[in-house]
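Written out below as structure tokens is the structure these notes cover.
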Amino acid sequence: MAAVVMDGKGLAAKLKETVRLQVERMERRPGLAVVLVGDDPAALSYEAGKRKDCQQCGIYYDAFRLPENTSQAELMDVIGILNGRAEIDGILLLLPLPRHLDGRAAVLAIRPDKDVDCVHPVNMGDLALGMESFRPCTPAGVMRLLEEYRIDPAGKRCVVVGRSNIVGKPQAMLLLQKHGTVTICHTRTPDLEAECRRADILVSAAGRPGLITGDMVKEGAVVIDVSINRDAQGRLRGDVDYAAAAERAAYITPVPGGTGPVTRAVLMENTLAAALRHGKG
Ligand code: NAP
């Protein structure tokens, strides 16, 4: 069986266009601020991507690039200012922060109604309780991809590889909300192969290239590769052995061009949602 390749790039373009059309009709446009501490090249390129996305969607954008030696008090001041600025609806603090900074204190300082990346415990708590809240961009993007291809997790065996707070755990919660039977795997899972082989929907977010081999994929499964790793040649790769898995899967995401662009589009959706909550329209 040759798998259907799930087109994250195409879906992201559609989602961003929907946001753009809605923003175009608004009297006061939504605004996003990105806070970046240090000059890590990956973070800088990530920040540039957000700027471009906001430009495409008509969203006001402001970036705060703080030096590596920024103090906790300075960082808290910036977050406090952004919390109070009416043109800013969403605050994205790029993590991890340099070691001398207290990331948890910084996250707690973000106003929950501006927490478009869903890192604040109030929003994570709402997510766990199944309440209306922001949805973390990457796992929500995976759900968007499933919806786009009319894949309903209800009653399916869903296996999530990875239990991080930004991907694995919220992913499991979102699949559970859609009535999947969810297993979360991690480095202490004794037989990862057997767990994966049972999955109707397999989401891998381990950050380990080659972890998911073709024989770990059930015939007809949906395989979502969240991971973005660089191989020795500097090329982007996921966790999944794509060619072998595509032989067995019914649907599969490529890397790049799968979950990555959809994550970015969901951030635009969340920023729009925050602006609507703030009474912009
Ligand atoms: P992370 O915090 O490093 O978490 C990785 C998780 O995978 C951990 O729970 C770890 O288990 C588990 N794991 C690692 N090796 C494993 C193995 N051999 N067998 C089973 N489980 C294993 O990473 P993350 O932040 O969640 O990100 C995961 C990947 O997604 C990375 O490649 C990242 O670049 C990518 N990512 C992509 C997007 C996107 O937009 N597509 C967004 C965010 C992240 P333990 O808990 O036991 O250590």
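Note that the structure is a prediction, hence the values are computed from the model and not measured. For ligands, and for the atoms within them, numbers begin at 1 and follow the listed sequence.
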Classify the contact between [X] and ligand 1 as side chain, backbone, both or neither, using a heavy-atom distance cut-off of under 4.0 Å.
X      : result
Asp239 : neither
Arg208 : side chain
Leu211 : side chain

Enumerated ligand 1 atoms positioned under 4.0 Å from heavy atoms of Gly162
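Counting atoms of ligand 1 from 1, those under 4.0 Å from Gly162 are 6 (C), 7 (O), 9 (O), 12 (C).
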Taking only heavy atoms of Ile166 into account, list the atoms of ligand 1 that are under 4.0 Å away from them.
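Near Ile166, the atoms of ligand 1 are 25 (O).
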What I want to know is whether [X] and ligand 1 share at least one N or O pair that is separated by under 3.5 angstrom.
X      : value
Cys185 : no
Ile228 : yes
Arg188 : no

Considering only protein heavy atoms, which is closest to atom 40 (O) of ligand 1, and at what distance to one decimal place?
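Checked against all protein heavy atoms, atom 40 (O) of ligand 1 sits closest to Thr263 OG1, 2.8 Å.
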Considering only non-hydrogen protein atoms, determine which one is nearest to atom 10 (C) of ligand 1 and report residue, atom name and distance to 0.1 Å.
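Checked against all protein heavy atoms, atom 10 (C) of ligand 1 sits closest to Thr187 CG2, 4.1 Å.
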Is it the case that over 12 heavy atoms from other parts of the model lie below 6.0 angstrom from the CG atom of Asp39?
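Result for CG/Asp39: open.
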Are any of the protein's heavy atoms under 4.0 angstrom from atom 3 (O) of ligand 1, yes or no?
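For atom 3 (O) of ligand 1 the answer is no, since every protein heavy atom stays at 4.0 Å or beyond.
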Between Asn229 and Ser227, is any side-chain donor less than 3.5 angstrom from a side-chain acceptor?
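Short answer, no.
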Does Gly168 come within less than 4.0 Å of ligand 1, judged by its heavy atoms?
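So Gly168 does not count as touching ligand 1.
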Ligand 1 contacted by Val226 (non-hydrogen, < 4.0 Å):
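Yes, Val226 has a heavy atom closer than 4.0 Å to ligand 1.
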With respect to atom 7 (O) of ligand 1, which of Gly238, Pro136, Ala206 exhibits the smallest heavy-atom separation?
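Among Gly238, Pro136, Ala206, the closest heavy atom to atom 7 (O) of ligand 1 belongs to Ala206.
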